[in-house]
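The structure under discussion appears below in the form of structure tokens.
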Amino acid sequence: MSEAAAPATISTECVIVGAGPVGLFAVFELGLLGMKCEIVDSLAHPGGQCRELYPDKPIYDIPALPVCGAQELVDRLLEQIKPFHAGFHLAQEVTGLMRRESGRFEIQTSAGTTFDAGSVIIAAGLGSFQPRHLMVPHAERYEGTQIHYRVRRAEDFHGKDVLIAGGGDSALDWTLELCGKARSVTLVHRRAEFRAQPVSVTRMKELAAAGQLRQLEGTIQSLLQRDDRLIGVVVQSRDKATTEVACEMVLACFGLHPKLGPVADWGLALEKKALHVDTERFQTSEPGIFAIGDINAYPGKKKLILSGFHEAALAAFGVQHYVYPAKRQFLQYTTTSPIMRKRLGVAPPD
Ligand SMILES: Cc1cc2nc3c(=O)[nH]c(=O)nc-3n(C[C@H](O)[C@H](O)[C@H](O)COP(=O)(O)OP(=O)(O)OC[C@H]3O[C@@H](n4cnc5c(N)ncnc54)[C@H](O)[C@@H]3O)c2cc1C
């Protein structure tokens, strides 16, 4: 039997922890200075709070954009950083960060990716977004086997009696996706109104009316177990009536909430759950590790996107100085600098 090859370590000048708006803009600022980076996020998509918490809301305080949707801002940032070809590593949490004897950093993720980086920018915002768990006794016993908070492989649910809990887009999308593929699908939501796309809700109701899935209003009150297996759940309605639903797989889509998580374990000076930084380079208590955006703290800090953009620009100069201490630093304008225009992939100035 041949041994599986260990995944190769990715070597880079900088790893950015967090692909929220501020982490994304750091890619741009590093790119302008000629540095390549890798960016990691525990979410499956870039955008941080903008994408996860308020994608459709308008933002009015981004300079020169009188109004900009939160998802639109993320899309614009992704467009802006295209010339710099950052490596994206999504759906994986940065779990380990340590300094190697060489002075460089070893960064590890929950997906087994390892980086060897000259510097680190932590743009972890409010923390790593984690799924809200099903809060009933013994749920943890089945987490990862019969109780799931995200779908890693849809086929695992095929041919099974599946109960989906939640009223947002994820719950509705998976209900529609698994209907006809799972042996049975029951959707449980605590109220009659859904927060999902109206078109998904209409389709779900049509399928329920046609008897192809079951819709129940209520909350999961307890689990039904036999021989160490989950065999169903008890759903309680508002008027306290209970219904037993037989199922072998539960998919709880209760949304995500941010948790400071591993960032707190890296030995960096913390101030009220935020990383203490200087305001010259936005460096943490550990040389070579920078922190920008909502995750940092300094006198006068404002948790605003535009403050994070400014921090990203200064942190990029800090990174450059840390990785290439002998390099002379000088300010160049994108309007007039041939080298910056070259990096941006646009025509040289006239
Ligand atoms: C409803 C609402 C409205 C808002 N409106 C405005 C506004 O109008 N104007 C404004 O300026 N600001 C506004 N904000 C605040 C703004 O969204 C934040 O300041 C901004 O998102 C901070 O960006 P960030 O990149 O620092 O962090 P975040 O957007 O929080 O992104 C951080 C990312 O890091 C990831 N992460 C964290 N830890 C890890 C880890 N260990 N491994 C991998 N990934 C990790 C997270 O999953 C997340 O995606 C609003 C916020 C909310 C909630």
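We count ligands from 1, going down the list as the structure has it; atoms in each ligand are counted the same way. Every heavy atom of this structure was used, including side-chain atoms; hydrogens, water molecules and symmetry mates were not.
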Starting from [atom], what is the nearest protein heavy atom, named by residue and atom, and what distance separates them?
{"atom": "atom 39 (C) of ligand 1", "answer": "S128 CB, 3.7 Å"}
{"atom": "atom 30 (O) of ligand 1", "answer": "Q49 NE2, 2.8 Å"}
{"atom": "atom 34 (O) of ligand 1", "answer": "G18 CA, 3.2 Å"}
{"atom": "atom 43 (C) of ligand 1", "answer": "S42 N, 3.3 Å"}
{"atom": "atom 18 (C) of ligand 1", "answer": "D294 OD2, 3.3 Å"}
{"atom": "atom 48 (C) of ligand 1", "answer": "D41 OD2, 3.4 Å"}
{"atom": "atom 11 (O) of ligand 1", "answer": "I305 N, 2.9 Å"}

Distance-only N or O hit between ligand 1 and [X], under 3.5 Å:
{"X": "D61", "value": "yes"}
{"X": "I292", "value": "no"}
{"X": "V22", "value": "yes"}
{"X": "V94", "value": "yes"}
{"X": "K57", "value": "no"}

Problem - Closest to atom 23 (O) of ligand 1 (judged by heavy-atom distance), picking from P21, G125, G261, G96 - result: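 That would be P21.
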Exercise for the section: Return the option from F25, W266, Y60, Y54 holding the heavy atom at the smallest distance from atom 51 (C) of ligand 1. Expected result: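 Among F25, W266, Y60, Y54, the closest heavy atom to atom 51 (C) of ligand 1 comes from Y54.
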[atom1] ([X]) with more than 12 external heavy atoms under 6.0 Å:
{"X": "D239", "atom1": "CG", "result": "yes"}
{"X": "R100", "atom1": "CZ", "result": "yes"}
{"X": "K259", "atom1": "NZ", "result": "no"}
{"X": "M98", "atom1": "CE", "result": "yes"}
{"X": "R132", "atom1": "CZ", "result": "yes"}

Whether the [X] and [Y] side chains hold a donor-acceptor pair (N or O, under 3.5 Å, no angle test) is what I'd like checked.
{"X": "Q283", "Y": "Y322", "value": "no"}
{"X": "Q329", "Y": "H321", "value": "no"}
{"X": "Q92", "Y": "T113", "value": "yes"}
{"X": "Y149", "Y": "E143", "value": "yes"}
{"X": "E93", "Y": "S128", "value": "yes"}

Enumerate the atoms of ligand 1 whose separation from the nearest heavy atom of [X] is less than 4.0 angstrom.
{"X": "A123", "value": "32 (C), 33 (C), 34 (O)"}
{"X": "E93", "value": "40 (C), 41 (N), 42 (N), 43 (C)"}
{"X": "G293", "value": "26 (O)"}
{"X": "I59", "value": "7 (C), 8 (O), 9 (N)"}
{"X": "L126", "value": "30 (O)"}
{"X": "F129", "value": "46 (C), 47 (O), 48 (C)"}
{"X": "Q92", "value": "43 (C)"}
{"X": "G48", "value": "29 (O), 31 (O), 48 (C), 49 (O)"}

Problem - From CA spacing to verdict: side chain to side chain contact (heavy atoms under 4.5 Å, CB included), V136, V233 - result: CA-CA 10 Å; V136 293; V233 303; over 6 Å; no
Practice task
First locate atom OG1 of T114, then atom CD1 of I107, and finally report the distance between them rounded to the nearest 0.5 Å.
Solution key: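 The CD1 atom of I107 is 9.5 Å from OG1 of T114, to the nearest 0.5 Å.
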Problem - Spacing of T279 atom OG1 and E311 atom CD [to the nearest 0.5 Å] - result: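 Result: 9.5 Å between the selected atoms.
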Practice task
Check each heavy atom of T109 against ligand 1 and say whether those closer than 4.0 Å belong to the side chain, the backbone, both or neither.
Solution key: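 Near ligand 1, T109 shows nothing, with every heavy atom at 4.0 Å or more.
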Handout entry: Whether T175 side chain and A171 backbone form a donor-acceptor pair below 3.5 Å
Key =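 At least one qualifying donor-acceptor pair exists.
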Problem - Proximity flag G127 to ligand 1, non-hydrogen atoms under 4.0 Å - result: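 Heavy atoms of G127 do come under 4.0 Å of ligand 1.
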